[in-house]
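Residue numbering restarts at 1 for every chain, and letters A, B, ... go by the order of the sequence lines.
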Protein chains: 2
Amino acid sequence: MRDGDRPSQCCLLLSGWACRYKLLSEGRRQILSFHIPGDPPDLQSLHIQTMDHSLATLTEAKVAFISHESLRDLTARFPGIAAILWRDTLVDAAVFREWMVGMGRRSAFERIAHLFCELYLKLQAVGLAENYRCPLPVTQADLGDALGLSNVHVNRVLQEMRGKSLITLRSHTLVIEDWRELLRFAEFDPSYLRLKKRAMA
Amino acid sequence: MRDGDRPSQCCLLLSGWACRYKLLSEGRRQILSFHIPGDPPDLQSLHIQTMDHSLATLTEAKVAFISHESLRDLTARFPGIAAILWRDTLVDAAVFREWMVGMGRRSAFERIAHLFCELYLKLQAVGLAENYRCPLPVTQADLGDALGLSNVHVNRVLQEMRGKSLITLRSHTLVIEDWRELLRFAEFDPSYLRLKKRAMA
DNA sequence: CAGCAGCTATGATCTAGATTAACATATCAT
DNA sequence: ATGATATGTTAATCTAGATCATAGCTGCTG
């Protein structure tokens with residue numbers, strides 16, 4: 001789905017990863033969010049007709065579609081459902097805020113560390129990660145475009161993290177070797193994700 | 001209102017400016033949004049109990065409070081009102097997305113230009129700006145904290161903009177001397193703001 | 001109307017991260 | 001297997017913007 005489209009349905013990611021992004025001149029791209037199974041990546045289209053960004057899959061993915069019509073009917077008849085969906089869009093915005101803090105005020109190292117903490121917890125919450133091991137099916141260029149960094153610098157920071165025995169990252173699998181330390185570097189506070197409490201230490 | 005608070009009411013800004021921000025270690029601050037009269041700067045608190053950021057006024061301000069209780073009652077009984085408020089939070093998120101693009105992929109000059117375009121149009125929409133002249137009651141340090149720049153660099157870019165006869169900025173009043181050119185530099189597309197159509201050229 | 005505090009302005013220096021350019025390693029299609 | 005194309009890695013160089021240091025404003029308080 002592209003910037004400028006006027007979709008008539010929302011989708012729900014059933015498997016695989018997706019991302020939202022915007023393009024600027026000279027090939028500049030900003031990835032706005034990563035999406036994993038269980039996410040409704042374009043709920044906003046229900047109330048904001050034309051897309052102000054694009055949506056793409058990053059892997060093979062399975063997607064369910066629900067028409068705006070039926071969603072509107074549902075939310076009009078069941079305010080509780082409307083509230084739940086509304087809340088989801090508010091958590092989405094909370095993640096945007098955290099990313100803004102990262103891009104404005106965190107170093108490259110802190111930014112990458114923070115993103116890894118975020119992705120791990122989100123994956124864990126839907127049962128796709130455990131033992132500090134999770135899939136990470138994105139390229140280093142994708143990470144750069146998400147964090148406002150060049151692919152070269154992303155690579156260097158990853159090497160540095162490996163050097164510090166913080167993580168390993170091979171064949172699209174991230175292993176967090178020292179969760180406590182990674183949290184500390186990132187100044188990561190998971191409360192913005194609004195996940196059910198679990199062992200996060 | 002502070003990060004971590006659990007407010008029992010939402011507010012509506014009647015006059016003056018406010019901003020939302022987050023703090024990091026070593027005094028780093030990221031301003032997340034500016035708010036002008038007419039904005040409900042903490043609507044998210046209706047569905048997300050604890051604040052993940054702080055809210056402060058930037059000027060003298062008048063504020064109306066509406067209890068969560070009455071808002072919940074209102075939205076449960078009138079799905080149309082819920083939809084309108086929900087939509088407002090979605091536009092809020094669209095502005096976050098645009099700021100993320102700025103911080104990740106725009107130069108300091110482009111970022112400042114973009115912010116000026118955005119603020120001017122938002123003020124114009126509520127009748128607080130015309131003839132390319134609007135109030136801007138924030139310090140250069142505030143602009144820096146909003147855009148991920150140092151106050152020194154903000155100052156230098158402002159000088160550059162004055163040098164190009166793009167703007168004047170004195171005693172908290174911004175005058176856009178060359179709107180077309182400012183738009184062009186910023187790669188600004190106003191559609192994300194979802195304002196009623198007006199003369200924007 | 002002096003004096004202080006918060007801004008704005010400007011120069012000098014430094015640095016995190018960008019850019020460019022190889023080259024190496026996967027992954028994939030035939 | 002074999003080339004083709006997307007990734008990852010590393011080094012050398014460059015630069016936008018940070019940091020540090022002053023000084024000049026502006027406006028407020030006593």
Which part of the nucleic acid, if any, lies within reach of S150(B) when heavy atoms closer than 4.0 Å are counted: base, sugar-phosphate only, or nothing?
base
Given dA18(D), is OP1 or OP2 found less than 4.0 Å from the side-chain N or O atoms of R28(B)?
no
d(CG, L158(A); P, dG8(D)) in whole Å:
9 Å
Interatomic distance where CG belongs to L169(A) and C1' belongs to dT9(D) [whole Å]
13 Å
Just checking S171(A): base, sugar-phosphate only, or nothing, at a heavy-atom cut-off of under 4.0 Å?
nothing
Can you tell me the distance, in whole Å, between the CZ atom of R106(A) and the P atom of dG17(C)?
13 Å
Any N155(A) side-chain nitrogen or oxygen under 4.0 Å from OP1 or OP2 of dG8(D)
no
Identify, between V152(B) and A141(A), the residue whose nearest nucleotide on DNA chain D lies closer to the 5' end.
A141(A)
Salt-bridge test for E69(B) and R72(B): reply yes if a basic N is under 4.0 Å from a carboxylate O, no otherwise.
no
Hey, would you say the Y120(A) and W179(A) ring centroids sit under 6.0 Å apart?
yes
Mind calculating the distance between CG (L143(B)) and C1' (dC7(C)) to the nearest angstrom?
13 Å
N151(A) CG to dG17(C) C1', straight-line distance once rounded to whole Å
12 Å
Rounded to whole Å, how long is the line connecting atom CG of D145(B) with atom P of dC7(C)?
12 Å
Checking all strands, does R170(B) fall into the base, sugar-phosphate, or nothing category for heavy-atom contacts under 4.0 angstrom?
nothing
Can a cation-pi geometry be assigned to K22(A) and Y192(B), taking NZ or CZ under 6.0 Å from the six-membered ring centre and within 45° of the ring axis?
yes
Short side-chain N/O contact from R156(A) to OP1 or OP2 of dT19(C), under 4.0 Å:
no
From NE2 of H172(B) over to P of dC25(D), roughly how many Å is that when rounded to an integer?
18 Å
May I ask you to check whether W86(B) and T89(A) show a side-chain donor-acceptor distance below 3.5 Å?
yes
Looking for any heavy atom pair under 4.0 Å, which part of the strands does G144(B) touch: base, sugar-phosphate only, or nothing?
nothing
Report the distance from atom CE of M103(B) to atom P of dA18(C), rounded to the nearest whole Å.
15 Å
Is any side-chain nitrogen or oxygen of Q140(A) closer than 4.0 Å to OP1 or OP2 of dT7(D)?
no
Do the side-chain N and O atoms of N155(A) and Q140(A) include a donor-acceptor pair separated by under 3.5 angstrom?
yes
Taking the nucleotide of DNA chain C with the closest heavy atom to each, which residue, L149(A) or V138(B), is nearer the 5' end?
V138(B)
